[in-house]
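Read through the structure below, which is laid out as structure tokens, and then see the notes.
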Amino acid sequence: MSRIVKHLGRVDYEPTWRAMQAFTDARNVDTPDELWVVEHPPVYTQGLAGKPEHLLHATAIPVVKTDRGGQITYHGPGQLVVYLLVDFKRMGIGVRELVRRIEQAVIDTLAELGIHGNGDVDAPGVYVAGAKIASLGLRIKNHAVYHGLSFNVDMDLAPFDSINPCGYANLKVTDLKQLGVELSLAAAADTLLPHLERLLNSTKELT
């Protein structure tokens with residue numbers, strides 16, 4: 001099934017989240033899936049199970065309590081965010097398989113750029129030599145998901161020092177630039193999206 005890809009540019013987090021909720025509430029069995037490609041101004045987002053103590057100290061960066069899974073993470077300029085508004089029941093797969101496919105799209109993107117990345121069954125996301133380069137968080141509603149993936153391209157990583165990223169103390173975070181790859185967000189999206197589309201359309205389970 002084809003998906004509508006929307007490049008929304010730099011947009012505030014909360015109205016984008018509310019728009020995802022509205023889209024999911026309004027969709028029906030015939031609604032095409034959409035991928036929203038965005039970048040956010042600096043913001044911390046705290047998942048449903050998020051513990052306040054994972055914000056190590058107050059900063060000028062706002063904290064938004066949101067309805068995705070997971071703990072606290074940071075979004076900011078230079079980070080590619082892809083929100084997946086996907087009816088996974090229509091795909092005939094479970095949420096775990098969907099997460100695995102999203103992770104694999106990032107791993108394949110990194111491989112195309114000459115970087116070895118890996119997933120972690122105990123901590124969703126993608127890592128390079130133990131440092132996290134991509135995070136995942138999803139919300140399930142009416143057999144569909146929203147929220148999605150953040151991929152660190154060329155960003156100020158300092159705000160991650162004020163949190164336990166995704167709930168893990170001392171977790172290192174990296175981006176493509178630190179790994180020697182300089183790409184614009186648009187170029188990173190152009191590299192990632194074909195891998196994501198291919199894996200979302202696959203009839204073969206990864207797990």
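Please read these numbers as outputs of a predicted model, since none were measured by experiment. Below, all heavy atoms of this structure are taken into account, side chains as well, without hydrogens, waters or symmetry copies. Note that the numbering runs from 1 along the sequence shown for the chain.
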One pair to check against side-chain contact (heavy atoms from CB on, under 4.5 Å): E112 and H195. What are the steps and the verdict? CA-CA 10 Å; E112 183 176 336; H195 291 295; 2.7 Å; yes

Can you list the steps and then say if H116 with L110 is a side-chain contact (heavy atoms from CB on, under 4.5 Å)? CA-CA 6 Å; H116 175 72; L110 292 171; over 6 Å; no

Run the side-chain contact (heavy atoms from CB on, under 4.5 Å) test on N152 and T174 for me, step by step, so that the C-alpha distance in whole Å, both residues' side-chain angles and the decisive distance to 0.1 Å come before the verdict. CA-CA 7 Å; N152 303 337; T174 191; over 6 Å; no

Would you please test N164 and N170 for side-chain contact (heavy atoms from CB on, under 4.5 Å) and show each step? CA-CA 7 Å; N164 290 328; N170 303 312; over 6 Å; no

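Residues M20 and V5 are members of separate hydrophobic clusters, defined by side-chain heavy-atom contacts under 4.5 angstrom among Ile, Leu, Val, Met, Phe, Trp and Tyr. Under the 4.5 Å side-chain heavy-atom criterion for grouping Ile, Leu, Val, Met, Phe, Trp and Tyr, L193 is connected to L113 within one hydrophobic cluster. Under a hydrophobic-cluster definition in which Ile, Leu, Val, Met, Phe, Trp and Tyr are linked whenever side-chain heavy atoms come within less than 4.5 Å, directly or via other members, V173 and F151 are assigned to different clusters. Hydrophobic clustering of Ile, Leu, Val, Met, Phe, Trp and Tyr side chains at less than 4.5 Å, counting indirect connections, keeps L48 apart from Y168. A continuous path of Ile, Leu, Val, Met, Phe, Trp and Tyr side chains, each step under 4.5 Å between heavy atoms, connects L98 with L192, placing both in one hydrophobic cluster.
Using a 4.5 Å cut-off on side-chain heavy atoms (C-beta onward), L157 and Q178 make contact. Between V81 and L149, the closest side-chain pair of non-hydrogen atoms is not below 4.5 Å. Side chains of R10 and V38 form no contact here, defined as non-hydrogen atoms less than 4.5 Å apart. Between L35 and Y83 the shortest side-chain heavy-atom distance does not fall below 4.5 Å. Put simply, the side chain of Y127 does not reach to within 4.5 Å of the side chain of I133, judged on heavy atoms. By the 4.5 Å heavy-atom criterion applied to side chains, E182 and L176 are not counted as neighbours. Counting heavy atoms from C-beta outward, P77 and P42 have side chains that approach closer than 4.5 Å. The shortest side-chain heavy-atom distance between N118 and V126 does not fall under the 4.5 Å cut-off.
Taking the charged nitrogens against the carboxylate oxygens, E197 and R3 do have a contact shorter than 4.0 Å, which makes a salt bridge.
Nearest heavy atoms, L8 versus V11: O-CG1, 3.4 Å. Between K132 and L171, the shortest heavy-atom distance links the atoms CD-CD2, 3.9 Å. The shortest heavy-atom contact between V86 and M91 is CG1-SD, 3.4 Å. Residues T191 and T109 share a closest heavy-atom pair of CG2-CG2, 3.7 Å. Annotation for T31 and R90: closest pair O-NH2, 2.8 Å, computed over non-hydrogen atoms. Summarising the geometry of E103 relative to G125, their closest heavy-atom pair is OE2-N, 2.9 Å, with the distance given to 0.1 Å.
In this structure, CD1 in I102 is found 4.5 Å from CG in L84, a value given to the nearest 0.5 Å. Put simply, CD1 on I115 and CD1 on I107 are 12.5 Å apart, with the number rounded to the nearest 0.5 Å. Expressed to the nearest 0.5 Å, how far CG of D175 lies from CG of L80 amounts to 12.5 Å. Here OG1 of T59 is found 7.5 Å from NE2 of H57. Values are rounded to the nearest 0.5 Å. With rounding to the nearest 0.5 angstrom, the CG atom of L85 is 8.0 Å from the CG atom of D33. Distance check, rounded to the nearest 0.5 Å: OG1 of T66 to CH2 of W17 gives 4.0 Å.
With D154 contributing its side chain and G78 its backbone, the two residues share no donor-acceptor pair below 3.5 Å. With Q79 contributing its side chain and V153 its backbone, the two residues share no donor-acceptor pair below 3.5 Å. When atom types are taken as modelled, the side chain of D156 and the backbone of A158 share a donor-acceptor pair closer than 3.5 angstrom.
Evaluation of the side chain to side chain donor-acceptor pair (under 3.5 Å) rule for R68 yields T45 as partners, not counting sequence neighbours. Residues that satisfy the ring-ring contact (aromatic ring centres under 6.0 Å, His included) test with Y74, not counting sequence neighbours, are Y44, F160.
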Using residues 135-146 as the side-chain source, report each donor-acceptor pair under 3.5 Å to any protein atom, sequence neighbours left out, with the distance given to one decimal.
{"unit_1": "K141", "atom_1": "NZ", "unit_2": "D25", "atom_2": "OD1", "d": "2.8"}
{"unit_1": "Y146", "atom_1": "OH", "unit_2": "D67", "atom_2": "OD2", "d": "2.5"}

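With 3.5 Å as the limit, one finds no donor-acceptor pair spanning the side chains of H54 and Q46. Checked by atom type, the side-chain pair R101/Q104 shows no donor-acceptor distance below 3.5 Å.
Between Y13 and H75, the two ring planes are parallel [angle under 30°; tilted spans 30° to 60°].
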